[in-house]
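Heads up, the thing below is written out as structure tokens.
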Number of protein chains: 2
Amino acid sequence: MTKVTIYSIADALGVSGSTVSRAFTRPDQVRDDVRARILAKADELGYQPNRSARRLATGRTGAIGLYIPDITNPFFPPLVRAIQQAAADNDASVIMVDAEESTSAEAALIRRLAGQVDGVIVASPRGTPARLRDALGSTPAIVVNREMMHTTTVICDNSAALAQAGDHLRDLNHETVALLHGPSASWAARQRASAIRKWAASAEVELIELGPFEASYEGGREGAAAFADSPATAAFAFDDLTACGVVAGLAERGLSVPRDRSIVGCDDVLLARVLTPKLSTVSAPIGRLGAAAVDLLGEVMAGKQPASLRIQGDFTPRQSSGPAPTT
Amino acid sequence: MTKVTIYSIADALGVSGSTVSRAFTRPDQVRDDVRARILAKADELGYQPNRSARRLATGRTGAIGLYIPDITNPFFPPLVRAIQQAAADNDASVIMVDAEESTSAEAALIRRLAGQVDGVIVASPRGTPARLRDALGSTPAIVVNREMMHTTTVICDNSAALAQAGDHLRDLNHETVALLHGPSASWAARQRASAIRKWAASAEVELIELGPFEASYEGGREGAAAFADSPATAAFAFDDLTACGVVAGLAERGLSVPRDRSIVGCDDVLLARVLTPKLSTVSAPIGRLGAAAVDLLGEVMAGKQPASLRIQGDFTPRQSSGPAPTT
DNA sequence: CTGAAAGCGCTTACAG
DNA sequence: CTGAAAGCGCTTACAG
């Protein structure tokens, strides 16, 4: 099976390569019957355009880059999926790189990625804005899950939902509530913490701040130890995976959720719904986040400066939050 | 910031483009000091080779394709990561496509992918071998997680581990054990079923076959209903996610694991370790699967016909299996 | 609407 | 070890 190019088709049909090329890229500039014959022949020969050649000629790669800090964190697969799907709708392929949780590799990975694609979507970067901007250079980019000046950004705003979650706990008679801090380098952790503090102040609930803890199951288990030793009867975990560790850590101490302690997670990942007890959590519309990122990236690549987007999260009470134990 | 090419460097240094090109691709063919100056200047100018041009010139894309049926299934992210890492070690990028669980889209997605890359890794395909081979055409390929004639394949062989798991249950005095079938289109499901049947026959344990059920949390809940109504005191779930659904479904019926029923999962995904109770499961060395796939793909691309690989799984008893309830 | 030609940025025989 | 030149397969002004 020899290589089939536009010239194979051109020769077979007695037209020029230019015409074949146009039949694909500017169909309206080719007479209908000629185009029909070209398309038919292309199909017959199994023609697939050589993307490298096209890219070289047009200067666009047709690919967008996606930087993810940790594909293994259940938050990201749905995001990756949404981004891929939106990209496919725009005939773009996506090249994904996973930092494997290494913050130090971040800048180098992003720099390399930026060189290979038309634009990049950076999810949950941990590095400083300056380093990130340096790595990006002039490549169009969208940052997801973190706000950053001079950059189009799409984030999930959980403040209102977190306040709702807080009210829900207060209504269940929890009078002192723990805030299990996420990693201090995480923008989302800082956001959530400040939203919760604000809620606690206005709701006149006593807030006990514990941590920071890693955003992992183990981090949650450590959090559980601190939580169990505190007077709090309910806690906000940084995310669902952490919450899951908290449930396990409490269980190891003979404390059962929601009977003895209540806990609310964040993100509503698969885990939150399959855990027993199901987690009360704040859900991020992850799919919309991804789709929006691709749309906005398209605008940036087109030279526009679209406004940043913030999507509201939503509180979903489930089984992990219950009435405060009566002592 | 204007585009920097090999000629920017060549001009700045008074050498030819050929020499600059060689400095990168055939360093031994360039005098040491010249190469050093070129590399330094490239660095100074922030040179990034244009991949499209390189690809067009060499005829290789430097990319491998990865087809995944469902990125959202916790089995796949670690596989993706391992494959990416191994590819990066070989200076290849990976273009991933996710079928979003749509079996019907499989062939078309794979065909498109195959046209864009030097070789493809196909994970857990559901389609018939004929359709798959047709979609692949002459593109070098490795199939992961399914055996297939005339194709280099890397799979995890769980037979021995499943028999170990069975023995473990029998030693805990379970006399009748349920097999919750996975989806009938799944090669892995058929494999596991036959390994379990073989074990049951030789161990003289009564096996009750239930299902098939979907490979999902919901599928597991359905399985739990059938399991609860059966005389079995322990069950093999198709995978960990399903097992998780079984635990939840049993809980809804007031049955607790491992007190009232025992359950063993498969794959040892993150979920298995964060669930309470932690799942007894058969672990696939997912990372090795991915690394091996990339290695073998390299051989196929080099024109060799490497032998298929089967890696042994391992049984890991944890908390979800306990002594049979004494009636 | 169509063709001849130049050009995208590399690589790589071929001469020297 | 180095340079001039051709070629990879497309796209796209430019002429007609």
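Residue numbers begin at 1 in each chain, while the letters A, B, ... track the order of the sequences. Note: hydrogens, waters and symmetry copies are ignored here, and every other heavy atom, side chains too, is used.
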Extract from the structure each pairing of a protein N or O with an N or O of nucleotides 13-16 of chain C at less than 3.5 Å, listing the distance.
| from | atom 1 | to | atom 2 | distance (Å) |
| --- | --- | --- | --- | --- |
| C:dA13 | N6 | B:Arg22 | NH2 | 2.9 |

For B:Asp134, enumerate each residue passing the salt bridge (charged side-chain N to carboxylate O under 4.0 Å, His left out) test, keeping only those at least two apart in sequence or located in another chain. B:Arg111

Range-with-range stems of DNA chain C (Watson-Crick or G-U pairs under 3.5 Å, three or more in a row): C:1-3 with D:14-16, C:5-12 with D:5-12, C:14-16 with D:1-3

Here the residues of residues 30-42 of chain A within 4.0 Å heavy-atom distance, strictly under, of DNA chain C are A:Val30, A:Arg31, A:Val34

What residues, two or more places apart in sequence or in another chain, satisfy side chain to side chain contact (heavy atoms under 4.5 Å, CB included) together with B:Thr61? B:Arg55, B:Ala63, B:Val117, B:Asp118

B:Glu299 meets the salt bridge (charged side-chain N to carboxylate O under 4.0 Å, His left out) criterion, sequence neighbours left out, with none

Are A:Thr19 and A:Ser16 close enough that a side-chain donor and a side-chain acceptor fall under 3.5 Å? yes

For C:dT2, take OP1 and OP2 only and decide whether either is under 4.0 Å from a side-chain N or O of A:Thr19. no

Considering residues at least two apart in sequence or located in another chain, which fulfil the side chain to side chain donor-acceptor pair (under 3.5 Å) criterion with A:Asp295? none

Answer yes or no: is there a side-chain heavy-atom contact under 4.5 Å between B:Asp98 and B:Tyr67? no

Backbone N or O of A:Arg60 within a donor-acceptor pair of the A:Thr58 side chain at under 3.5 Å? yes

Report the residues that fulfil side chain to side chain contact (heavy atoms under 4.5 Å, CB included) with A:Asp157, sequence neighbours left out, ordered by chain and then residue number. A:Ser159, A:Arg310, A:Gln312

Whole Å only: how far is the CZ atom of A:Phe24 from the P atom of D:dT12? 15 Å

Round to the nearest Å and state the distance from B:Arg60 atom CZ to C:dT11 atom P. 10 Å

Looking just at side-chain N and O atoms, do A:Ser102 and A:Ser104 make a donor-acceptor pair shorter than 3.5 Å? yes

Heavy-atom check, side chain of A:Cys156 versus side chain of A:Pro285, under 4.5 Å: yes

Can you name the residues that form a side chain to side chain contact (heavy atoms under 4.5 Å, CB included) with A:Ser8, not counting sequence neighbours? A:Val4, A:Thr5, A:Leu45

Quick one: ring pair (Phe, Tyr, Trp, His ring centres under 6.0 Å) pairs with a partner in residues 95-149 of chain B, sequence neighbours left out? none

Please list, pair by pair, any protein nitrogen or oxygen found under 3.5 Å from a nitrogen or oxygen in nucleotides 7-9 of chain D.
| from | atom 1 | to | atom 2 | distance (Å) |
| --- | --- | --- | --- | --- |
| D:dC8 | O2 | B:Ala57 | N | 3.4 |
| D:dG9 | N2 | A:Ala53 | O | 3.3 |

Side chain to side chain contact (heavy atoms under 4.5 Å, CB included) partners of A:Gln116, counting only residues at least two apart: A:Ile95, A:Arg112, B:Arg51, B:Ser93

Phosphate contact (D:dT11 OP1 or OP2) by A:Ser21 side-chain N/O below 4.0 Å: yes

